Amino acid sequence: MIPLLDNYELVTPASLHEALDDLARHPGARPFAGGTDLMVALEAGHLPPGRYVSLQHCRELLGIQETPDGPGRRSLGEGGVTIGALSTYTEIRNSAPLARRYPMLAMAASETGGLATQNRGTIGGNIANASPAADTPPALLVYDAELELMSSSGTRRVPYAAFHQGYKKMDLAPGEVVARVHLPARDGQWGDYYRKVGTRRAQAISKVCFAGSILMAGDTVQDVRIALGSVAPTVIRARRTEDVLRGKPLDEATIASAERMLATEIAPIDDIRSTARYRARVAANLLREFLVGSSSDSSLVR
Ligand SMILES: Cc1cc2nc3c(=O)[nH]c(=O)nc-3n(C[C@H](O)[C@H](O)[C@H](O)COP(=O)(O)OP(=O)(O)OC[C@H]3O[C@@H](n4cnc5c(N)ncnc54)[C@H](O)[C@@H]3O)c2cc1C
(Lines give C-alpha, C1' and ligand atoms only; values in the text may rest on other atoms or scores of the structure.)
Protein backbone atom coordinates (compact mmCIF):
# COMPACT_ATOMS: atom_id res chain seq x y z
CA MET A 1 0.00 0.00 0.00
CA ILE A 2 1.34 3.45 -0.89
CA PRO A 3 1.71 5.50 2.30
CA LEU A 4 0.35 9.03 2.64
CA LEU A 5 2.55 11.33 0.55
CA ASP A 6 2.02 14.08 3.15
CA ASN A 7 4.81 12.44 5.10
CA TYR A 8 7.30 12.99 2.30
CA GLU A 9 9.07 16.09 1.09
CA LEU A 10 11.02 16.27 -2.19
CA VAL A 11 13.12 19.37 -2.73
CA THR A 12 15.02 20.21 -5.92
CA PRO A 13 18.04 22.43 -5.26
CA ALA A 14 19.38 24.39 -8.23
CA SER A 15 22.99 23.23 -7.92
CA LEU A 16 25.28 20.67 -6.30
CA HIS A 17 26.41 23.33 -3.83
CA GLU A 18 22.80 23.91 -2.74
CA ALA A 19 22.03 20.19 -2.61
CA LEU A 20 25.02 19.50 -0.33
CA ASP A 21 24.05 22.47 1.80
CA ASP A 22 20.47 21.18 2.10
CA LEU A 23 21.67 17.69 3.07
CA ALA A 24 23.96 19.24 5.71
CA ARG A 25 21.17 21.37 7.20
CA HIS A 26 18.64 18.50 7.35
CA PRO A 27 20.09 15.48 9.12
CA GLY A 28 18.27 12.39 7.91
CA ALA A 29 17.54 13.87 4.45
CA ARG A 30 18.42 11.48 1.63
CA PRO A 31 19.53 12.06 -1.96
CA PHE A 32 17.07 11.25 -4.75
CA ALA A 33 18.69 10.46 -8.12
CA GLY A 34 16.75 8.43 -10.73
CA GLY A 35 14.26 7.19 -8.11
CA THR A 36 14.16 3.65 -9.53
CA ASP A 37 14.91 2.10 -6.13
CA LEU A 38 13.24 4.79 -4.02
CA MET A 39 9.94 4.73 -5.93
CA VAL A 40 9.76 0.93 -5.71
CA ALA A 41 10.26 1.24 -1.94
CA LEU A 42 7.53 3.92 -1.79
CA GLU A 43 5.10 1.75 -3.75
CA ALA A 44 5.84 -1.19 -1.43
CA GLY A 45 5.26 0.96 1.66
CA HIS A 46 8.89 0.59 2.80
CA LEU A 47 10.21 4.09 2.13
CA PRO A 48 10.96 5.95 5.37
CA PRO A 49 9.05 9.24 5.55
CA GLY A 50 11.15 12.38 5.48
CA ARG A 51 13.02 14.78 3.25
CA TYR A 52 14.45 13.75 -0.12
CA VAL A 53 16.88 15.97 -1.99
CA SER A 54 16.76 15.65 -5.78
CA LEU A 55 20.16 15.69 -7.46
CA GLN A 56 18.70 16.43 -10.89
CA HIS A 57 20.32 19.88 -11.24
CA CYS A 58 23.75 18.74 -10.03
CA ARG A 59 25.55 19.14 -13.34
CA GLU A 60 28.91 18.35 -11.72
CA LEU A 61 27.70 14.75 -11.23
CA LEU A 62 27.09 14.20 -14.95
CA GLY A 63 29.37 12.85 -17.63
CA ILE A 64 31.81 10.07 -18.42
CA GLN A 65 35.34 11.27 -19.16
CA GLU A 66 38.70 9.76 -19.96
CA THR A 67 41.27 11.04 -17.47
CA PRO A 68 45.04 11.01 -17.23
CA ASP A 69 45.90 8.66 -14.36
CA GLY A 70 48.50 10.73 -12.60
CA PRO A 71 51.73 12.41 -13.66
CA GLY A 72 53.59 10.61 -16.43
CA ARG A 73 50.77 8.14 -17.09
CA ARG A 74 50.07 9.43 -20.57
CA SER A 75 53.51 8.34 -21.76
CA LEU A 76 52.91 4.82 -20.42
CA GLY A 77 49.54 4.34 -22.07
CA GLU A 78 45.95 5.37 -21.62
CA GLY A 79 44.71 6.93 -18.41
CA GLY A 80 41.56 6.02 -16.49
CA VAL A 81 37.91 6.90 -16.86
CA THR A 82 35.74 8.94 -14.49
CA ILE A 83 31.99 8.35 -14.32
CA GLY A 84 29.71 10.99 -12.79
CA ALA A 85 27.36 9.47 -10.21
CA LEU A 86 24.28 10.66 -12.13
CA SER A 87 25.30 8.73 -15.24
CA THR A 88 22.45 6.47 -16.28
CA TYR A 89 22.72 2.90 -17.51
CA THR A 90 21.86 4.15 -20.99
CA GLU A 91 24.78 6.60 -20.88
CA ILE A 92 27.08 3.86 -19.61
CA ARG A 93 25.94 1.52 -22.40
CA ASN A 94 26.56 4.24 -24.98
CA SER A 95 29.98 5.31 -23.71
CA ALA A 96 32.74 4.48 -26.21
CA PRO A 97 35.62 4.60 -23.66
CA LEU A 98 33.75 2.26 -21.31
CA ALA A 99 32.80 -0.16 -24.11
CA ARG A 100 36.40 -0.28 -25.28
CA ARG A 101 38.29 -0.36 -21.99
CA TYR A 102 35.89 -1.37 -19.18
CA PRO A 103 33.37 -3.51 -21.09
CA MET A 104 31.93 -5.26 -18.05
CA LEU A 105 30.27 -2.01 -16.98
CA ALA A 106 28.55 -1.69 -20.35
CA MET A 107 27.47 -5.35 -20.04
CA ALA A 108 26.14 -4.81 -16.51
CA ALA A 109 24.24 -1.71 -17.67
CA SER A 110 22.70 -3.49 -20.62
CA GLU A 111 21.44 -6.32 -18.38
CA THR A 112 19.93 -4.00 -15.77
CA GLY A 113 16.14 -3.86 -15.79
CA GLY A 114 14.51 -2.75 -19.05
CA LEU A 115 15.07 0.37 -21.16
CA ALA A 116 12.90 2.58 -18.93
CA THR A 117 14.97 1.64 -15.86
CA GLN A 118 18.18 2.09 -17.84
CA ASN A 119 17.10 5.61 -18.84
CA ARG A 120 16.48 6.69 -15.22
CA GLY A 121 18.63 4.50 -12.96
CA THR A 122 22.07 5.88 -12.10
CA ILE A 123 25.35 4.28 -11.13
CA GLY A 124 25.50 6.40 -7.96
CA GLY A 125 22.08 5.07 -6.95
CA ASN A 126 23.12 1.49 -7.67
CA ILE A 127 26.17 1.91 -5.41
CA ALA A 128 24.40 3.78 -2.58
CA ASN A 129 21.38 1.48 -2.58
CA ALA A 130 23.97 -1.09 -1.44
CA SER A 131 22.13 -4.20 -2.59
CA PRO A 132 24.34 -7.31 -2.51
CA ALA A 133 22.52 -8.32 -5.72
CA ALA A 134 23.30 -5.11 -7.65
CA ASP A 135 24.90 -5.64 -11.02
CA THR A 136 27.49 -2.89 -11.50
CA PRO A 137 29.39 -3.45 -8.20
CA PRO A 138 31.14 -6.74 -9.17
CA ALA A 139 32.54 -5.01 -12.26
CA LEU A 140 33.58 -1.97 -10.19
CA LEU A 141 35.42 -4.24 -7.74
CA VAL A 142 37.30 -6.02 -10.50
CA TYR A 143 38.30 -2.69 -12.06
CA ASP A 144 39.65 -1.48 -8.66
CA ALA A 145 37.32 1.54 -8.73
CA GLU A 146 37.63 4.44 -6.31
CA LEU A 147 34.69 6.54 -5.17
CA GLU A 148 34.78 10.31 -4.80
CA LEU A 149 32.45 11.32 -1.97
CA MET A 150 31.32 14.91 -1.46
CA SER A 151 29.65 16.82 1.33
CA SER A 152 29.32 20.49 2.24
CA SER A 153 32.58 20.16 4.17
CA GLY A 154 34.69 18.68 1.40
CA THR A 155 35.65 15.77 -0.78
CA ARG A 156 37.34 12.46 -0.06
CA ARG A 157 38.21 9.37 -2.06
CA VAL A 158 37.74 5.80 -0.86
CA PRO A 159 38.59 2.52 -2.56
CA TYR A 160 35.33 0.92 -3.63
CA ALA A 161 36.54 -2.36 -2.12
CA ALA A 162 36.34 -0.71 1.35
CA PHE A 163 33.01 1.09 0.82
CA HIS A 164 30.50 -1.68 1.63
CA GLN A 165 31.05 -2.64 5.26
CA GLY A 166 28.14 -5.02 5.88
CA TYR A 167 24.58 -5.55 4.70
CA LYS A 168 23.43 -2.05 3.63
CA LYS A 169 26.27 -0.50 5.71
CA MET A 170 28.53 1.89 3.84
CA ASP A 171 31.42 4.24 4.44
CA LEU A 172 29.08 7.15 3.62
CA ALA A 173 28.55 9.85 6.24
CA PRO A 174 25.21 11.68 6.65
CA GLY A 175 25.14 14.55 4.16
CA GLU A 176 27.65 12.87 1.85
CA VAL A 177 26.89 11.90 -1.73
CA VAL A 178 28.67 9.62 -4.16
CA ALA A 179 29.96 12.18 -6.66
CA ARG A 180 32.14 10.20 -9.09
CA VAL A 181 33.50 6.76 -9.77
CA HIS A 182 37.15 6.65 -10.84
CA LEU A 183 38.38 3.68 -12.84
CA PRO A 184 42.18 3.46 -12.85
CA ALA A 185 44.22 2.72 -15.97
CA ARG A 186 44.83 -0.91 -16.87
CA ASP A 187 48.05 -1.92 -18.57
CA GLY A 188 48.31 -5.21 -20.45
CA GLN A 189 45.88 -7.45 -22.27
CA TRP A 190 43.34 -8.28 -19.58
CA GLY A 191 40.58 -10.68 -20.55
CA ASP A 192 37.19 -9.78 -19.03
CA TYR A 193 34.32 -12.13 -18.21
CA TYR A 194 30.96 -10.92 -16.86
CA ARG A 195 27.90 -13.05 -16.32
CA LYS A 196 24.66 -12.43 -14.49
CA VAL A 197 22.52 -15.48 -13.76
CA GLY A 198 18.88 -14.70 -13.04
CA THR A 199 15.50 -16.27 -13.59
CA ARG A 200 15.45 -14.84 -17.12
CA ARG A 201 17.65 -12.59 -19.26
CA ALA A 202 15.82 -9.30 -18.68
CA GLN A 203 14.06 -7.67 -15.74
CA ALA A 204 15.47 -10.19 -13.25
CA ILE A 205 17.49 -9.67 -10.10
CA SER A 206 20.67 -11.76 -10.01
CA LYS A 207 20.80 -15.15 -8.36
CA VAL A 208 24.56 -14.88 -8.87
CA CYS A 209 26.58 -12.19 -10.63
CA PHE A 210 30.23 -12.93 -11.52
CA ALA A 211 32.90 -10.57 -12.84
CA GLY A 212 36.43 -11.70 -13.58
CA SER A 213 39.46 -10.24 -15.28
CA ILE A 214 42.65 -12.14 -16.04
CA LEU A 215 46.11 -11.31 -17.36
CA MET A 216 47.89 -14.34 -18.81
CA ALA A 217 51.63 -14.78 -19.48
CA GLY A 218 51.64 -17.75 -21.81
CA ASP A 219 49.85 -20.52 -19.93
CA THR A 220 50.45 -18.92 -16.53
CA VAL A 221 48.10 -16.61 -14.64
CA GLN A 222 50.08 -13.41 -14.21
CA ASP A 223 47.27 -11.56 -12.43
CA VAL A 224 43.56 -12.06 -11.83
CA ARG A 225 40.64 -10.32 -10.17
CA ILE A 226 37.33 -11.90 -9.27
CA ALA A 227 34.17 -10.42 -7.71
CA LEU A 228 30.68 -11.74 -7.11
CA GLY A 229 27.23 -10.46 -6.22
CA SER A 230 24.32 -12.23 -4.47
CA VAL A 231 26.55 -14.68 -2.58
CA ALA A 232 27.21 -12.71 0.65
CA PRO A 233 25.77 -9.75 2.62
CA THR A 234 27.71 -7.41 0.31
CA VAL A 235 29.24 -7.79 -3.12
CA ILE A 236 32.63 -9.42 -2.56
CA ARG A 237 36.08 -9.58 -4.08
CA ALA A 238 37.32 -13.21 -3.92
CA ARG A 239 40.90 -12.38 -2.98
CA ARG A 240 41.90 -15.79 -1.61
CA THR A 241 40.71 -17.45 -4.81
CA GLU A 242 42.75 -14.91 -6.75
CA ASP A 243 45.81 -15.84 -4.62
CA VAL A 244 45.32 -19.53 -5.47
CA LEU A 245 45.42 -18.67 -9.18
CA ARG A 246 48.15 -16.04 -9.38
CA GLY A 247 51.43 -17.39 -10.77
CA LYS A 248 49.98 -20.84 -11.54
CA PRO A 249 49.49 -22.67 -14.84
CA LEU A 250 45.83 -22.61 -15.80
CA ASP A 251 45.35 -26.38 -15.69
CA GLU A 252 42.74 -28.69 -14.16
CA ALA A 253 44.52 -28.91 -10.78
CA THR A 254 44.68 -25.12 -10.45
CA ILE A 255 41.05 -24.66 -11.47
CA ALA A 256 39.89 -27.33 -9.00
CA SER A 257 41.88 -25.63 -6.19
CA ALA A 258 40.34 -22.29 -7.10
CA GLU A 259 36.83 -23.79 -7.00
CA ARG A 260 37.50 -25.20 -3.52
CA MET A 261 38.80 -21.86 -2.29
CA LEU A 262 35.87 -19.92 -3.75
CA ALA A 263 33.47 -22.17 -1.82
CA THR A 264 35.11 -20.96 1.42
CA GLU A 265 34.90 -17.27 0.45
CA ILE A 266 31.20 -17.04 -0.33
CA ALA A 267 28.29 -17.26 2.10
CA PRO A 268 25.15 -17.59 -0.03
CA ILE A 269 21.71 -17.80 1.55
CA ASP A 270 18.30 -19.25 0.71
CA ASP A 271 15.83 -16.52 -0.22
CA ILE A 272 12.85 -15.97 -2.52
CA ARG A 273 15.08 -15.84 -5.60
CA SER A 274 17.21 -18.94 -5.06
CA THR A 275 18.82 -21.38 -2.65
CA ALA A 276 22.26 -21.29 -1.06
CA ARG A 277 23.11 -24.64 -2.66
CA TYR A 278 22.16 -23.49 -6.16
CA ARG A 279 24.10 -20.24 -5.76
CA ALA A 280 27.23 -22.08 -4.59
CA ARG A 281 27.02 -24.47 -7.58
CA VAL A 282 26.49 -21.62 -10.05
CA ALA A 283 29.35 -19.57 -8.57
CA ALA A 284 31.70 -22.56 -9.06
CA ASN A 285 30.42 -23.12 -12.61
CA LEU A 286 30.94 -19.47 -13.53
CA LEU A 287 34.47 -19.51 -12.09
CA ARG A 288 35.24 -22.59 -14.19
CA GLU A 289 33.71 -21.08 -17.33
CA PHE A 290 35.78 -17.91 -16.80
CA LEU A 291 39.04 -19.82 -16.29
CA VAL A 292 38.57 -22.46 -18.98
CA GLY A 293 37.69 -19.73 -21.46
CA SER A 294 40.95 -17.95 -20.56
CA SER A 295 43.11 -21.06 -21.04
CA SER A 296 44.60 -22.43 -24.24
CA ASP A 297 44.45 -26.01 -22.84
CA SER A 298 41.72 -27.72 -24.88
CA SER A 299 41.66 -30.78 -22.58
CA LEU A 300 40.04 -28.82 -19.72
CA VAL A 301 36.59 -29.94 -18.59
CA ARG A 302 33.98 -27.30 -19.35
C1 LIG B 1 12.06 -2.57 -12.92
C2 LIG B 1 13.42 -2.45 -12.23
C3 LIG B 1 14.44 -3.32 -12.61
C4 LIG B 1 15.70 -3.22 -11.99
N5 LIG B 1 16.68 -4.09 -12.38
C6 LIG B 1 17.90 -4.00 -11.80
C7 LIG B 1 18.94 -4.91 -12.21
O8 LIG B 1 18.79 -5.76 -13.07
N9 LIG B 1 20.16 -4.77 -11.59
C10 LIG B 1 20.40 -3.83 -10.64
O11 LIG B 1 21.52 -3.76 -10.12
N12 LIG B 1 19.41 -2.96 -10.25
C13 LIG B 1 18.19 -3.03 -10.80
N14 LIG B 1 17.18 -2.17 -10.40
C15 LIG B 1 17.46 -1.23 -9.28
C16 LIG B 1 17.80 0.21 -9.68
O17 LIG B 1 17.39 0.53 -10.99
C18 LIG B 1 19.29 0.51 -9.53
O19 LIG B 1 19.77 0.19 -8.26
C20 LIG B 1 19.57 1.99 -9.87
O21 LIG B 1 20.92 2.08 -10.23
C22 LIG B 1 19.29 2.95 -8.72
O23 LIG B 1 19.65 4.26 -9.16
P24 LIG B 1 18.67 5.50 -8.96
O25 LIG B 1 19.37 6.69 -9.51
O26 LIG B 1 17.32 5.21 -9.53
O27 LIG B 1 18.62 5.53 -7.37
P28 LIG B 1 17.51 6.17 -6.41
O29 LIG B 1 16.30 5.30 -6.39
O30 LIG B 1 17.32 7.61 -6.67
O31 LIG B 1 18.29 6.01 -5.02
C32 LIG B 1 18.66 4.74 -4.52
C33 LIG B 1 19.40 4.93 -3.19
O34 LIG B 1 20.65 5.54 -3.40
C35 LIG B 1 20.72 6.81 -2.74
N36 LIG B 1 21.43 7.67 -3.70
C37 LIG B 1 21.12 7.88 -5.00
N38 LIG B 1 22.09 8.58 -5.59
C39 LIG B 1 23.02 8.84 -4.65
C40 LIG B 1 24.26 9.52 -4.65
N41 LIG B 1 24.78 10.07 -5.77
N42 LIG B 1 24.96 9.59 -3.51
C43 LIG B 1 24.48 9.04 -2.37
N44 LIG B 1 23.31 8.37 -2.29
C45 LIG B 1 22.60 8.27 -3.44
C46 LIG B 1 19.30 7.22 -2.44
O47 LIG B 1 19.22 8.05 -1.30
C48 LIG B 1 18.66 5.84 -2.20
O49 LIG B 1 18.98 5.41 -0.90
C50 LIG B 1 15.92 -2.24 -10.99
C51 LIG B 1 14.90 -1.36 -10.63
C52 LIG B 1 13.65 -1.46 -11.24
C53 LIG B 1 12.56 -0.50 -10.86
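First listed ligand is number 1; within each ligand, the first listed atom is number 1. Values in this document were obtained by computation on a predicted structure and should not be read as measured data.
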Check: Are Ile266 and Tyr278 joined in one hydrophobic group, where the rule is that I, L, V, M, F, W and Y side chains link up if heavy atoms are under 4.5 Å apart?
Finding: yes
Item checked: Polar contact flag, side-chain donor to acceptor under 3.5 angstrom, Tyr89-Asn126 -> yes
Item checked: Nearest-option assignment for atom 13 (C) of ligand 1, heavy atoms, candidates Thr112, Leu172, Val177 -> Thr112
Checklist line | Validation row, ring centre Tyr193 to ring centre Phe210 under 6.0 Å | finding: yes
Next item on the list: Between Ala116, Ala108, Ala29, Gly34, flag the one that comes closest to atom 24 (P) of ligand 1 by a heavy atom.
Entry: Gly34
Checklist line | Trp190 six-ring face occupied by Arg225 cation (under 6.0 Å, within 45°) | finding: yes
Note to self: Can you name the atoms of ligand 1, numbered from 1 with element, that are less than 4.0 Å from a heavy atom of Lys196?
What the structure shows: 7 (C), 8 (O)
Next item on the list: Under 4.0 Å from a heavy atom of Ala33: give me the atoms of ligand 1 that qualify, with their elements.
Entry: 25 (O), 30 (O), 37 (C), 38 (N)
Notebook entry, point to check: Does a side chain donor of either Ser206 or Asp135 reach within less than 3.5 Å of an acceptor in the other side chain?
Noted result: yes
Checklist line | ligand 1 contact on Thr36 by region, counting heavy-atom pairs under 4.0 Å | finding: both
Check: Should the proximity of Leu61 to ligand 1, defined as any heavy atom under 4.0 Å, be assigned to the side chain, the backbone, both, or neither?
Finding: neither
Check: Any salt bridge between Glu148 and Arg156, counting N to O under 4.0 Å?
Finding: no
Margin query: Please determine whether any non-hydrogen atom of Ile205 lies less than 4.0 Å from an atom of ligand 1.
Written below: no
Check: Any idea which of Ala128, Gly229, Cys209, Ala85 brings a heavy atom closest to atom 45 (C) of ligand 1?
Finding: Ala128
Next item on the list: State whether the shortest distance between N or O atoms of Gly35 and N or O atoms of ligand 1 falls below 3.5 angstrom.
Entry: yes
Next item on the list: Can you sort out which atoms of ligand 1 are near Tyr89, meaning under 4.0 Å from one of its heavy atoms?
Entry: 18 (C), 20 (C), 21 (O)
Checklist line | Transitive ILVMFWY side-chain link Val53 to Leu149, under 4.5 Å | finding: no
Check: Looking only at non-hydrogen atoms, which of Asp37, Ile127, Val178 approaches atom 19 (O) of ligand 1 most closely?
Finding: Asp37
Check: Under a 4.5 Å side-chain heavy-atom rule over Ile, Leu, Val, Met, Phe, Trp and Tyr, are Val244 and Leu250 clustered together?
Finding: no
Checklist line | Atoms in ligand 1 with a heavy atom of Gly121 nearer than 4.0 Å | finding: 23 (O), 26 (O)
Notebook entry, point to check: Are Met261 and Val208 joined in one hydrophobic group, where the rule is that I, L, V, M, F, W and Y side chains link up if heavy atoms are under 4.5 Å apart?
Noted result: no
Margin query: Tell me whether Asp135 has any N or O atom under 3.5 angstrom from an N or O of ligand 1.
Written below: yes
Next item on the list: Considering the heavy atoms of Gly113, write down every atom of ligand 1 situated less than 4.0 Å from one of them.
Entry: 3 (C), 4 (C), 5 (N), 6 (C), 7 (C), 8 (O)
Notebook entry, point to check: Does Leu55 share a hydrophobic cluster with Ile123, counting links as ILVMFWY side-chain heavy atoms below 4.5 Å and allowing steps through other members?
Noted result: no
Note to self: Using a 4.0 Å cut-off to any heavy atom of Ala134, which atoms of ligand 1 qualify?
What the structure shows: 11 (O)
Notebook entry, point to check: In terms of ring plane angle, is the pair Tyr52 and Tyr8 parallel, tilted or perpendicular, where the classes change at 30° and 60°?
Noted result: tilted
Notebook entry, point to check: Under 4.0 Å from any heavy atom of Val40, which atoms of ligand 1 are there?
Noted result: 53 (C)
Next item on the list: State the atoms of ligand 1, each with its element, that fall below the 4.0 Å cut-off from a heavy-atom position in Glu111.
Entry: 8 (O)
